[in-house]
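Order of the sequence lines fixes the chain letters, A, B, ..., with proteins taken first and strands second; residue numbering starts at 1 for each chain.
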Amino acid sequence: MGIVILLLMLAGVGLMLTRKLPTAFALVLLGVAIAAVVGAPLTGENSILETVLQEGSIAQAATMIAVLIGSWMGKLMAETGIASTLVRKIVEFGGDRPTVVALGVLVVSALIGTVTGSAPAAMMAGIIGIPAMVAVGVPKTTAAGTILMGIAAGMPFELPIWQFFSTTLDLPVETVRGFMLMLFPFAVVFAVLFVLVETRRKGVEHAWSLAAPAGDRSRKRAKQLGDAPWYALLAPLVPLVLALGFELPIIPSMLAGVLYALVTTTRPRDMNKRLLRTLYGAFDIAAPPIALFVAIGILLSAVTLPGAVEALNPLVTAISPGHPVVFVVVFALLTPLCLYRGPLNVFGLGAGIAGVLISAGIYPAVAVLGLTASYNQVFGVADPTSTQTVWAAQYSGVSPQQVMVRTLPYVWCVALGGLIVTAATQL
Amino acid sequence: MSGSAVATLDRLGRARRERLRAECAELAELSDVEFGVRLLADTPTHENRAPELLRRWASVATEFGAGLVGEGRDRAPRVVERAGGVEQLLLAKYVSRPVPTVELFTDTLALGEELVDLLGWRESYADGALRAAALAHEEAHLLLHGDVALRRALRERLGHTALRLGRFRITAHVAGADELVAHGYAAASRGLGRSPLLLTAALASAVRALAQD
Ligand SMILES: [Zn+2]
């Protein structure tokens, strides 16, 4: 029976890889199919309709709201010029030293990323940041990679991700925060290394081009924006300080960020209109991740049905390394399986596998957190099928594969660091 | 447009060629500094700047470039000739690694020469001047790239402030200004009658015309 489930998962990966089905739909189908083959009843306790579809679809509700508020704040930061002012200041201060500009954009991407999540952050930091880096001589692939590595450096502090891991792995937020604090140094060190090494290795590049600079059209819209005041630029720090420093819950921390960005930039009589407009706009941005979180909830409920756990337990036990060193080596080697919507992608089938590992009692939940959070650092940057990577590459005028090749060595090291920390502290 | 096809204006029909001539005549009406303003306006971080400010920066940077003529030209960079420039919309490129190299895109340069003939712009751009200008342009990048004091002098001249605390002041980098310095240097050192940016804009029109044809 376990084999049948694995074959189903393989088929699911195939459907996603070949783009026959969008990831979210494939995960829902997979969830229902797994529930059916392990003999879950249609209704009642541990059933397809009630447990898997009804309860599963809202299991990630807190994550969905966190993602939505993050997108809301992102919209607000874009509309009020907070994001563009941050990038402009960096170019003004560091402009004739490309490495300084790239490091500055790295920090801005990280900051924005902690609030809005990866894809919106890539766009917000990148729309001005990428052409600004190119204008001061940073080569295109390095420019795209800088945005993505920056987002990854902020990822350990991305509040919606804390919520996601807390819900998915059934761990308190404090535990998630604790591990992320240990993962953060790796993410930062390798992001900074990426900029230092790559700008040194590739040098600067100036082109006498016949084309208007990239992203000309999207910047036309930014034309109406003025400069945001300096204290408004602190907005992305507000949720972080509250959630990390004062240990407040995630959703109120993020709401405080929305309010801060609003009152520092907007006249009182425009507040209602702007708040509502950016909130509605945020639904558009948040739609893809929210759809995915519904699907992940459904898949997770299916793989954690008693029948599924029973079927998968012997299989997973047999192949999961127990010794800490073997754990690190095996999972570090398996890292590429989180790319191209592969089976270890945490925002896909990987969430299901994480659920199996925990419910089968193979690793403590914190170890699974370490594993998945480490993979997330790779997937968020180097996966040539993930939205932020595709966008950053295309906007820079290079291919997502070029960005993957350039960034993978660095994020692989981050994952390795995370796995070592996990093995050393949890196994 | 495929890379192997030769980009030549002979391919254009009569009517399209006339339209290209008209477009370029219109471009020639604009002043040289206006092209500088346009380049700055298209450079990120200048979205909100007043046109007058951009105009001042454009003339300051161009003059700064012209003033560099005769400055140490001892470190001549490596020059590599390539094809495929029309396809990538590139005329020349400067890369600092592994060794400072100027890449010249010969197909774009050839198209430029042909265009100058078609438009009767020889008075402004002598035979072979475009190639020389491209080399000079990238030479200016090399000059700026290797000289901190020169870059500081440029910032001082532009006079844009990033931060001011009482008497203490940090001058700001003006994105795109180095590009205008390079064009100013190229025009002055190679004795061009008009800004290289006018020919660049005309070339962009020509490439568009060829793509539509
Ligand atoms: Zn240039």
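Heavy atoms closer than 4.5 Å to chain A are found in both the backbone and the side chain of B:A134. Contacts of B:E138 with chain A are made by side-chain atoms alone, with heavy-atom separations under 4.5 Å and no backbone atom involved. With a 4.5 Å cut-off on non-hydrogen atoms, B:R49 touches chain A through its side chain but not through its backbone. If you measure heavy-atom distances from B:I170 to chain A, the contacts under 4.5 Å come from the side chain alone. Only the side chain of A:V136 comes within contact range of chain B, with at least one heavy atom under 4.5 Å from a heavy atom of that chain. Proximity to chain A (any heavy atom under 4.5 Å) is shown, for B:T101, by neither the backbone nor the side chain. Of the atoms belonging to B:P196, heavy atoms from both backbone and side chain fall under 4.5 Å from chain A. Contacts between B:R38 and chain A at a heavy-atom distance below 4.5 Å are absent for every atom of the residue. Only the side chain of B:E179 comes within contact range of chain A, with heavy atoms under 4.5 Å apart.
Ring pair A:W208/B:H183 is perpendicular by interplanar angle, where above 60° counts as perpendicular and below 30° as parallel.
What you find for B:D178 and A:A135 is that their closest heavy atoms are OD2-O, 4.2 Å. B:A175 and A:V91 get closest at one heavy-atom pair: CB-CG1, 4.1 Å. The minimum heavy-atom distance linking A:L210 with B:A204 is given by the pair O-CB, 3.5 Å.
Of the listed residues (A:G94, A:G137, A:G203), the greatest number of heavy-atom pairs within a distance under 4.5 Å of chain B belongs to A:G203.
The side-chain heavy atoms of B:H141 and A:V204, taken from C-beta on, include no pair separated by under 4.5 Å. You'll find the side chain of B:H173 stays beyond 4.5 Å of the side chain of A:V101, heavy atoms only. The closest side-chain heavy-atom distance from B:R97 to A:R201 is not below 4.5 Å.
With B:T45 contributing its side chain and A:R88 its backbone, the two residues share no donor-acceptor pair below 3.5 Å.
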